[in-house]
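In this chain, residues are counted from 1 in sequence order.
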Amino acid sequence: MELRQSFGPSNEFVKSLLGNYKPDMKLKQLAETQQLASCTYEDGTKWGEEAGFLYATIAEDYFTGFASLHCKGWKSVYCDPPRPQFLGSGTTNLKDYLVHVRRWTSGVLDIAFSKYSPLIHGIFKLPFLQYMCYASPLISPICQFFSLWCLATIPQLCLLNGISLYPGVSSNYFWIYTYVFLSIVSRHLYEVITTGASLQHWIYEQRIRMMTAVTCHLYGSLVAFVKKLGLSEVSFTLTNKVDDDEQLKRYNAGVFDFQTSALFLVPMASLVILNMASFCVGIARVVFLGEWEKLFIQVFISFYVVVLNYPIIEGMLIRKDNGRIPPSVTVLSATASIIFCLLGSIIFI
């Protein structure tokens, strides 16, 4: 009776939980299967609360592993057999990927603001390193979108107005910034290479990190804050796993497909245009005004952003296929960049 209350009224399913179960594929079992597959089977049971994946958040995999398994004493074992044991399908276009990451971001931040937040709930229930692994994803979306937006705008606006933010090349502090940058980049490169991936894969990861930080993490954080204030409920948007032939062809060729919402495209394109403008102005200041000493780091940051996000420039200015960035989005992004520059000139006067 207790099992039926927890797992539902299916006699065959309850028998399977007791062990030594031998299914007999007759009409009765087929009827039981239809009952198990129905949307109402879990009503009045503990599915989603104590059994199976927990439904309290749309990041159910993270929440279940933390609150329902590891905090209750379950131990994970790393298994990496030569032959893959599971196969799955991932997204093959930018639109579905960005929607998926935005949903995941709002889900983990929803957990961060709840009583089950690993920041307060799992401190004494997990080993310290495991606790840190669970706590890190909760703060990384906010840290990433805030740091990337600052890094992609403030040095560039200062560069456009001839303001130096960082130590000059001859300063000893310059090498501290150099060391930090090279350490971060080389660590990520080492992780990619040691997993058997290529240098091109590392470049793709760097690009997608920037794209998700300035869009998905920003929007996902806003959705979580709005839900916490009681102004809205988080909607569950399914991730499309159906491949379009043309999109799949571009994916296999390593070409970005920019057929997505302007809400995602405008921030990315605006920041790239801003960095293009600041890089050009920075080069002019270095060549004609001799300000290489004090503006080198800011010029390099703009150059780094422009090079890594070359596919966005290509999608705006070069490509003519259906996967390019629409001209209307390019115009809107350029307008947003001009507004950024005007605000920057006002602020940094």
Side-chain angles (χ1 to χ4, degrees), residues 80 84 87-105 136-137 140-141 143-145 147-149 151-152 181-220 239-261 263-276 279 300-325 329-330 333:
D80 185 22
L87 294 176
S89 60
T91 57
T92 58
N93 61 78
L94 191 63
K95 174 184 177 181
D96 296 327
Y97 177 78
L98 295 178
V99 169
H100 176 78
V101 176
R102 183 202 59 79
R103 187 183 69 228
W104 179 86
T105 299
S136 176
S140 63
C143 293
Q144 286 188 32
F145 90 73
S147 61
L148 260 295
W149 269 96
L151 193 62
F181 172 77
L182 293 178
S183 297
I184 295 173
V185 171
S186 58
R187 180 185 63 83
H188 183 212
L189 179 60
Y190 172 79
E191 292 175 353
V192 171
I193 297 300
T194 53
T195 56
S198 63
L199 179 63
Q200 184 68 34
H201 184 90
W202 172 77
I203 295 174
Y204 284 141
E205 284 201 5
Q206 289 282 313
R207 286 172 177 165
I208 208 67
R209 280 186 177 185
M210 288 189 179
M211 293 179 182
T212 54
V214 300
T215 56
C216 307
H217 293 329
L218 172 62
Y219 294 140
T239 302
N240 179 34
K241 298 294 180 66
V242 179
D243 291 329
D244 177 86
D245 291 339
E246 191 175 348
Q247 290 179 343
L248 187 59
K249 189 181 297 184
R250 283 193 287 267
Y251 173 78
N252 291 330
V255 178
F256 278 91
D257 190 318
F258 292 107
Q259 296 183 83
T260 185
S261 170
L263 286 175
F264 289 120
L265 293 177
V266 171
M268 293 189 294
S270 299
L271 293 179
V272 171
I273 293 173
L274 175 63
N275 278 267
M276 290 171 61
F279 175 69
F300 176 79
I301 292 174
S302 296
F303 172 76
Y304 188 74
V305 173
V306 169
V307 170
L308 272 186
N309 291 279
Y310 173 75
I312 296 178
I313 301 173
E314 186 183 41
M316 289 190 294
L317 305 178
I318 302 175
R319 289 171 53 183
K320 303 298 181 183
D321 59 280
N322 293 331
R324 67 172 181 169
I325 296 177
V329 173
T330 302
S333 302

Inset, instruction - Give the intermediate values and the outcome of side chain to side chain contact (heavy atoms under 4.5 Å, CB included) for residues Ile312 and Arg207. - result: CA-CA 10 Å; Ile312 296 178; Arg207 286 172 177 165; over 6 Å; no
Legend entry - Verdict with reasoning, Thr215 to Met268, per side chain to side chain contact (heavy atoms under 4.5 Å, CB included): CA-CA 7 Å; Thr215 56; Met268 293 189 294; 3.7 Å; yes
Inset, instruction - Please lay out, stage by stage, how Met210 and Tyr304 fare under the test side chain to side chain contact (heavy atoms under 4.5 Å, CB included). - result: CA-CA 11 Å; Met210 288 189 179; Tyr304 188 74; 3.8 Å; yes
Legend entry - Pair Met211-Ile208, side chain to side chain contact (heavy atoms under 4.5 Å, CB included): steps then yes or no: CA-CA 5 Å; Met211 293 179 182; Ile208 208 67; 4.1 Å; yes
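Distance check, rounded to the nearest 0.5 Å: CZ of Phe256 to OH of Tyr310 gives 13.0 Å. Here the CG atom belonging to Leu98 is positioned 5.5 Å from the OG1 atom belonging to Thr260, to the nearest 0.5 angstrom. For the atom pair SG of Cys216 and OH of Tyr97, the computed distance is 7.0 Å after rounding to the nearest 0.5 Å. The NE2 atom of His100 lies 11.5 Å from the CZ atom of Arg102; values are rounded to the nearest 0.5 Å. Distance check, rounded to the nearest 0.5 Å: OG1 of Thr330 to CG of Leu317 gives 7.0 Å.
Annotation: side-chain hydrogen bond (donor to acceptor under 3.5 Å, both in side chains) contacts of Thr105 (sequence neighbours excluded): His217. Contacts of Arg209 classified as salt bridge (Lys or Arg N to Asp or Glu O under 4.0 Å), with partners at least two apart in sequence or in another chain: none. In this structure Gln259 satisfies the side-chain hydrogen bond (donor to acceptor under 3.5 Å, both in side chains) test together with Asp257, sequence neighbours excluded. In this structure Tyr190 satisfies the side-chain contact (heavy atoms from CB on, under 4.5 Å) test together with Thr194, sequence neighbours excluded. Under the side-chain hydrogen bond (donor to acceptor under 3.5 Å, both in side chains) criterion, Ser302 pairs with Ser278, sequence neighbours left out. Qualifying side-chain contact (heavy atoms from CB on, under 4.5 Å) partners for Ser261, counting only residues two or more places apart in sequence or in other chains: Leu263, Phe264. Listed by chain and residue number, Ala262, Ser270, Val329, Leu332, Ser333 satisfy the side-chain contact (heavy atoms from CB on, under 4.5 Å) test with Val266 (two or more places apart in sequence, or in another chain). Scored by the side-chain contact (heavy atoms from CB on, under 4.5 Å) test, Ile193 finds Leu189 as partners (sequence neighbours excluded). Partners of Tyr219 under the side-chain hydrogen bond (donor to acceptor under 3.5 Å, both in side chains) rule, at least two apart in sequence or in another chain, do not exist in this structure. Looking at residues two or more places apart in sequence or on another chain, you find a salt bridge (Lys or Arg N to Asp or Glu O under 4.0 Å) between Glu191 and Arg187.
For CZ of Phe303, the number of neighbouring non-hydrogen atoms (other residues, nucleotides, ligands) closer than 6.0 Å is 12 at most.
Just one residue in the list Val272, Val307, Ile318, Ile325 forms a side-chain contact (heavy atoms from CB on, under 4.5 Å) with Ile313, and that residue is Val272.
The minimum heavy-atom distance between Leu148 and Ala213, with the atom names listed, is CG-CB, 3.8 Å. Scanning both residues, Ile301 and Asn275, for their nearest heavy atoms gives O-OD1, 4.3 Å. In this structure, Trp149 and Pro267 approach most closely via the heavy-atom pair CZ2-CB, 3.9 Å. A pairwise comparison of heavy atoms in Ser147 and Cys143 identifies OG-O, 2.7 Å as the closest pair.
Screening residues 316-325 for salt bridge (Lys or Arg N to Asp or Glu O under 4.0 Å), with sequence neighbours left out, gives Arg250-Asp321, Arg319-Asp321. Screening residues 263-275 for salt bridge (Lys or Arg N to Asp or Glu O under 4.0 Å), with sequence neighbours left out, gives no hits.
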